[in-house]
Amino acid sequence: MENASGTYDFTAFENRWQSFWKEKATFQTAPLNCGRPKYYVLDMFPYPSGAGLHIGHPEGYTASDILARYKLAQGFNVLHPMGWDAFGLPAEQHAIATGESPAIQTQRNIDNFRRQLQMLGFAIDWQRELATTDPGYFRWTQWIFLQLFRQGLAYVSAKPVWFCPALGTVLANEEVLSMEVWHCPALQKDLLDSEVVVTKTGATSKVGNHPVTSLGKQPRSERGHHPVERRPIRQWVLRITAYAEKLIEGLDALDWPDSTKRLQKNWIGKSEGAEVTFALEGHTDSLTVFTTRPDTLFGATYMVIAPEHPLVTKITTTAQKSAVESYLEVVKNKSDLERTDLADKKKTGVFTGAYAINPVNGAKIPVWIADYVLMTYGTGAIMAVPAHDERDWEFAKEFKLPIIQVVGADAEVDVQKAAWTEDGPMVNSGPFNGLSSLETKKKITADLAARGLGKSAVNFKLRDWLFSRQRYWGEPFPILWIKPADYACIPADAAIREFLPAQPVPCTIEGQEFYAVPLTSKQLPLTLPAVKSYQPSPTGDSPLSKATEWTEVWYDLATGQTVSQTQPAPGPLWVKASRETNTMPQWAGSCWYYLRYIDPTNQNALASTEALKYWGCPDFYIGGAEHAVLHLLYARFWHRFLYDIGVLPTAEPFQKLFHQGLILGEDGEKMSKSRGNVVNPDTIVKEHGADALRMYLMFLGPLEASKPWSSEGISGITRFLRRLWRLAVDENTGGVSTKISAQAQESEDLVRELHRTIQKVEKDIETLQFNTAISQMMILMNVAEKSPSLQRSTVETFVQLAAPFAPHVCEEIWARLGHTGSITQAAWPKFDPAKLVESSVEIIFQVNGKVRATAKVAKETSKEALLALARAHPDVQKFLEGKTLVKEVIVPGRLVNIVVAG
RNA sequence: GCCCAAGUGGUGGAAUGGUAUACACAUCAGACUUAAAAUCUGCCGCCGCAAGGCUUACCGGUUCGAGUCCGGUCUUGGGCACCA
């Protein structure tokens with residue numbers, strides 16, 4: 001090697017090896033027919049923000065990189081790709097502020113992210129790099145959407161949704177957080193809970209000691225924490241609820257953190273119960289409710305319908321009309337903020353004047369309206385059983401409604417004092433008295449079903465997925481709107497039937513009805529037009545709505561081709577059409593990117609069947625726990641859908657999932673600009689090198705734990721890497737260390753520690769316990785350094801073990817030891833179990849469980865001999881004098897415990 | 001309120017029911033050096049002169065033996081939140 005200086009000069013060799021890997025395409029994935037088993041390691045791809053790489057990125061990426069390099073050394077064909085989740089709000093906000101196209105800014109950010117990732121030496125196949133903003137990529141995002149559209153899983157709704165004025169777009173429920181907001185009069189400023197230190201006596205702001213007052217919990221946007229409000233806006237919605245059951249079932253077989261599985265299960269929120277129909281006195285309409293407690297039907301003392309329930313106006317009596325109207329007015333004016341304010345759960349409501357008939361006993365019970373019943377869940381109506389439901393109980397107390405106990409042993413339960421929500425034998429329930437709740441549930445449901453007044457039913461908390469954003473910088477929908485009359489003229493053999501749903505998807509725009517028609521796969525991708533301004537309109541419409549040359553087109557009902565309306569209609573089947581101006585949310589592109597890595601340039605399919613068959617799904621997926629419901633649920637939905645329509649061979653995308661913990665600032669707080677505790681990877685690499693950063697991130701603690709960064713702690717790793725360097729390289733000559741020789745005598749201790757290290761590093765990489773793998777390498781270092789001479793193979797093995805963690809310095813040492821190829825091409829070391837065996841072991845002698853002495857003995861020493869040794873030991877005898885023997889415990893190879901009394 | 005996870009030296013952390021504090025960081029003391037950096041050596045949970053005693057958030061239990069298993073309490077962090 002030219003210029004072989006003996007000093008540990010990481011800037012020189014880190015650059016050199018990064019160029020080497022690039023030139024030799026060291027980490028390029030082998031072709032499908034290479035005959036090697038595959039291993040697919042996936043990182044959650046980053047959003048390329050203007051701020052550059054966060055220190056949390058290299059944490060997860062180093063973990064997966066160690067795994068990838070380890071599997072490579074074991075002979076696997078490893079796929080370890082990287083790409084960019086490049087559509088998103090910050091680029092668009094930048095565009096609004098500067099007028100610069102988001103595409104340009106995004107490209108700049110991607111280049112910076114790529115530079116930073118390459119600087120860290122990740123074993124990534126850069127030939128497979130992808131960006132969700134690339135038309136060659138989002139062509140298939142649009143294609144998947146059209147498949148959903150064709151299967152009737154995409155529809156348009158104009159129900160109220162969360163709208164964020166600051167971001168100028170709607171947000172999915174999942175993108176809205178409930179946050180405590182505080183006001184600080186001294187600073188004339190509102191603060192979020194994360195910015196306020198709450199003390200026992202009240203709250204004080206973190207700056208100075210200014211008093212603050214709580215403004216209560218408010219809904220805020222997850223991104224930017226801006227205020228959000230409810231607005232009715234026309235939206236595309238994906239019917240994820242149709243997959244609720246499958247999404248729950250699929251979780252069972254996955255090797256995921258239990259907490260994440262539980263989170264998804266709770267989010268989907270399956271409830272089993274019954275629908276029960278109540279007749280309404282004096283009305284032909286009836287009222288159907290959903291309940292999980294049909295067993296408590298005899299205890300129903302009133303009914304509640306949501307304020308938005310369609311029966312509200314129908315059943316309200318004239319006497320109650322004004323009271324109901326004023327209540328509805330109050331509810332309407334109640335900001336959503338107040339309605340969801342959880343600090344104040346005081347029940348409000350109003351009587352409709354109407355009565356329902358309980359189908360089991362004919363009892364006449366009043367129907368109320370209350371906003372604690374949600375129109376969006378179940379049937380928007382409930383039967384209230386105050387004795388056995390806390391919310392109903394509170395309401396009954398508030399409005400002095402009767403509370404009738406139907407479950408539980410009467411002696412211990414007082415339902416006038418609190419609701420009893422446990423199970424128990426039935427009382428006051430006619431023929432069901434004495435039966436268990438469980439039996440009663442089944443029997444009552446069956447009885448009602450026989451009379452046509454009920455059936456068992458399942459409900460989910462999961463809502464359909466709000467899939468459109470009023471933005472420019474997203475995938476355009478490959479959809480146009482035409483008049484129903486034109487829709488009726490679509491020829492039977494039209495190419496657009498490729499994606500045409502069985503039922504038209506309607507939508508009302510400015511009082512006129514339109515039907516949605518798709519482009520064909522030939523017209524994909526539909527790319528974004530250039531626009532003059534990225535500013536969203538105050539009405540909440542997308543900036544695309546102003547690009548009328550693009551939106552107003554002639555549409556060919558046969559082929560799906562389009563021509564701008566600035567030109568005359570090209571033919572008789574060409575009808576006036578308006579393009580959909582919303583764009584898809586950022587989640588769309590991240591729903592399926594792991595599939596595209598498999599076959600990133602395929603023009604005919606999202607990936608070829610052969611490639612999908614060989615690579616399957618990622619064997620390992622690592623990313624932050626913040627995506628536990630959003631990304632991971634959406635991606636599972638799309639994957640399962642593509643499986644159901646025969647596009648994919650597997651039902652679930654991610655078999656094994658891992659969440660790395662957060663890297664906190666040195667103060668133990670979450671890193672943030674405002675706290676000034678942000679650690680920049682560029683700075684660390686400059687000062688300590690990429691190897692040190694990688695290894696230190698892994699040494700900080702368990703991968704899954706949140707742990708604070710320490711700028712001092714990294715020196716321990718730097719020292720270790722320098723010691724590794726000196727173990728192999730002579731600092732004066734730059735050649736092989738003079739300690740290394742063929743005749744080197746190595747102690748039994750050193751050989752055993754080497755094999756122990758091979759064993760532990762291998763096991764710890766498999767189980768992602770990198771911190772302890774590094775500790776073991778340090779232990780080996782402490783032993784190896786003391787050895788006057790070393791075998792070449794010992795040093796080589798050591799360097800190989802460290803290579804996945806600190807690849808640059810290990811490549812450099814490997815080369816100095818005389819190898820020409822990359823260290824990753826050398827086979828992973830194997831340990832010899834025979835070398836792990838110790839001839840003698842240390843035995844501990846205990847008296848009453850306390851260690852009093854130790855002794856080094858031959859491994860096979862018998863129980864009797866051990867006991868004799870223990871009893872003879874003076875430090876043991878001291879504690880036996882004058883005591884009576886109770887018991888003797890002897891664990892060969894470990895300990896002797898003598899139990900005495902008195 | 002409900003669900004979950006975690007509490008071990010000054011700090012990050014380690015520990016198949018079997019010597020708690022491995023491995024590091026920091027501090028301190030020393031060696032080398034004209035000096036600094038780098039490097040190396042040693043000490044390093046608490047009380048105690050010592051013998052010894054105490055110690056894994058707290059209280060109790062199981063066990064010859066508990067950081068580890070069981071029950072309860074407290075604290076911190078995360079998730080959900082009127083979902084019938």
Side-chain angles (χ1 to χ4, degrees), chain A residues 7-8 178 217 257-260 262-267 269-271 273 289-293 296 304 306 339-342 344-347 370-374 376-385 388-392 394-395 459-463 625-626 628-629 659 661-662 664 666 668 670 696 699-702 704-720 722-723 726 731 769 771-782 785 842-854 878 886-891 893-900:
Chain A
T7 51
Y8 174 88
S178 167
K217 291 228 173 180
D258 279 340
S259 57
T260 304
R262 210 177 302 115
L263 225 59
Q264 290 215 347
K265 231 172 214 167
N266 291 346
W267 188 264
K270 181 179 179 177
S271 295
V289 301
F290 172 72
T291 177
T292 53
R293 296 295 304 271
T296 62
V304 186
R339 205 170 155 179
T340 54
D341 186 2
L342 307 152
D344 178 25
K345 283 194 185 172
K346 198 167 141 62
K347 298 286 181 287
D371 67 354
Y372 81 92
V373 170
L374 308 174
T376 45
Y377 185 78
T379 60
I382 63 158
M383 64 174 207
V385 185
H388 305 291
D389 181 284
E390 279 166 21
R391 296 149 301 181
D392 297 347
E394 281 169 29
F395 190 82
N459 259 297
F460 297 94
K461 277 202 270 188
L462 183 71
R463 303 295 149 83
E626 66 273 19
V629 276
H659 298 306
L662 287 178
L664 306 170
E666 290 208 65
K670 208 168 164 173
Y696 184 56
F699 186 63
L700 270 178
E704 68 277 14
S706 287
K707 54 240 163 204
W709 174 261
S710 158
S711 52
E712 283 176 333
I714 194 170
S715 59
I717 293 295
T718 300
R719 259 173 230 159
F720 171 78
R722 285 175 188 274
R723 287 161 77 192
R726 285 198 304 270
E731 286 194 284
Q769 292 167 293
N771 55 329
T772 50
I774 296 168
S775 295
Q776 181 58 42
M777 287 192 273
M778 288 172 167
I779 291 169
L780 174 61
M781 175 65 75
N782 290 340
E785 264 183 342
E842 197 180 46
I843 302 291
I844 57 171
F845 297 152
Q846 299 180 324
V847 178
N848 287 348
K850 288 202 162 76
V851 181
R852 297 303 178 183
T854 62
K878 248 192 324 197
V886 175
K887 193 174 183 177
E888 291 159 334
V889 182
I890 305 145
V891 184
R894 279 207 179 274
L895 59 82
V896 176
N897 186 13
I898 301 169
V899 185
V900 291

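A, B, ... follow the sequence lines: proteins, then strands. Residue 1 opens every chain. Note that these values count all heavy atoms, side chains included, but never hydrogens, waters or copies made by symmetry.
rA57(B) and rU68(B): their C1' atoms are spaced 16 Å apart (whole Å). Only the C1' atoms considered, rA36(B) is 30 Å distant from rC23(B), to the nearest whole Å. Distance noted for atom C1' between rU55(B) and rG78(B): 30 Å (whole Å). rG48(B) and rA38(B) are spaced 36 Å apart, taking the P atom of each and rounding to whole Å. Atom name P, nucleotides rG42(B) and rG10(B): the rounded distance is 23 Å, in whole Å. Taking atom P in both rC54(B) and rC69(B), the straight-line distance is 24 Å, to the nearest Å. On the C1' atoms, rG13(B) is 11 Å away from rG9(B), given to the nearest whole Å. Distance noted for atom C1' between rA22(B) and rU33(B): 34 Å (whole Å).
Across all strands shown, E888(A) has no heavy atoms under 4.0 Å from either base or sugar-phosphate atoms. Residue N771(A) is in sugar-phosphate contact alone, with no base atom involved, counting any heavy-atom pair closer than 4.0 Å across all strands shown. K707(A) comes within contact range of the sugar-phosphate backbone alone, with a heavy-atom separation under 4.0 Å but no base atom that close. Backbone-only contact: T292(A) has heavy atoms under 4.0 Å from sugar-phosphate atoms and none from a base. Within 4.0 Å (heavy atoms only), G713(A) reaches sugar-phosphate atoms of the nucleic acid but no base atom. Across all strands shown, N459(A) has no heavy atoms under 4.0 Å from either base or sugar-phosphate atoms. Base engagement by I382(A) is indicated by at least one non-hydrogen atom pair under 4.0 Å involving a base atom. Residue R894(A) is in base contact, counting any heavy-atom pair closer than 4.0 Å across all strands shown. Residue contacts for L700(A): at a heavy-atom cut-off of 4.0 Å it reaches the sugar-phosphate backbone alone, with no base atom in range. In this structure, T376(A) reaches neither bases nor backbone, as no heavy-atom distance under 4.0 Å exists between it and the strands shown. Among the atoms of the strands shown, only primed sugar atoms or phosphate atoms (P, OP1, OP2) are found under 4.0 Å from some heavy atom of L263(A).
Using modelled atom types, no side-chain atom of E666(A) and backbone atom of P708(A) make a donor-acceptor pair closer than 3.5 Å. Judged by distance alone, with hydrogens and angles left aside, the side-chain atoms of E394(A) form no donor-acceptor pair with the main-chain N or O of K347(A) at under 3.5 Å.
Side chain of R726(A), nearest nucleotide from rC40(B), rA84(B), rG18(B): rC40(B). Of the candidates rA20(B), rG18(B), rA84(B), rA20(B) carries the atom nearest the V851(A) side chain, counting heavy atoms from C-beta on. Each of rA84(B), rA22(B), rG13(B) was ranked by its minimum atom distance to the side chain of V373(A); first place goes to rA84(B). In this structure, of rG18(B), rC23(B), rA15(B), it is rA15(B) that holds the atom nearest to the side chain of T772(A). You'll find that the side chain of S775(A) is closest to rC23(B), out of rA84(B), rC23(B), rA24(B). Across rG12(B), rC64(B), rA84(B), the shortest atom-to-atom separation from the side chain of N897(A) is found for rC64(B). Distance from the side chain of R852(A) is smallest to rG52(B) among rC40(B), rC82(B), rG52(B). Picking from rG18(B), rC23(B), rC80(B) the nucleotide with the shortest atom distance to the side chain of F699(A) gives rC23(B). Of the candidates rG13(B), rA22(B), rG18(B), the closest approach to any side-chain atom of L895(A) belongs to rG18(B). Closest approach to the V889(A) side chain among rC25(B), rC64(B), rC80(B) is made by rC64(B) (side chain taken as heavy atoms from C-beta onward).
Partner assigned to rA24(B) is rU11(B), using Watson-Crick or G-U wobble distances below 3.5 angstrom. Pair assignment for rC44(B): none, as no Watson-Crick or G-U wobble contacts are both less than 3.5 Å. In this entry rA5(B) has rU76(B) as its Watson-Crick or G-U wobble partner, both defining distances falling under 3.5 Å. Base pairing analysis places rU63(B) opposite nothing; no Watson-Crick or G-U wobble pair with both distances below 3.5 Å involves it.
Anti is the glycosidic conformation of rG78(B), whose angle departs from 0 by more than 90°.
At least one side-chain nitrogen or oxygen of K878(A) sits closer than 4.0 Å to the OP1 or OP2 atom of rG52(B). At least one side-chain nitrogen or oxygen of S715(A) sits closer than 4.0 Å to the OP1 or OP2 atom of rA26(B). Regarding contacts with the backbone of rA24(B), a side-chain N or O of N782(A) is found under 4.0 angstrom from either OP1 or OP2. For R719(A) and rA26(B), the shortest distance from a side-chain N or O to OP1 or OP2 is below 4.0 Å.
A heavy-atom distance below 4.5 Å is found between the side chains of I382(A) and D392(A).
Along RNA chain B, the nucleotide nearest to P708(A) and the one nearest to G849(A) differ in position, and the one closer to the 5' end is contacted by P708(A). Heavy-atom distances to RNA chain B give each of P702(A) and V891(A) a nearest nucleotide, and the one nearer the 5′ end belongs to P702(A).
The CD-P distance, from Q776(A) to rA15(B), rounds to 12 Å in whole Å. If you measure from atom CZ of R463(A) to atom C1' of rC80(B), you get 13 Å, rounded to the nearest angstrom.
For Q769(A), the CD atom sits in a packed shell: over 12 heavy atoms of surrounding residues, nucleotides or ligands are nearer than 6.0 Å.
A donor-acceptor contact under 3.5 Å links the side chain of K347(A) to the base of rC82(B). Taking only distance into account, the side chain of R723(A) never meets the base of rU39(B) through a donor-acceptor pair shorter than 3.5 Å. E390(A) contributes no side-chain N or O that forms a donor-acceptor pair with the base of rG1(B) under 3.5 Å.
One distance of note links CG of N459(A) with CZ of F290(A); it measures 4.5 Å at 0.5 Å rounding.
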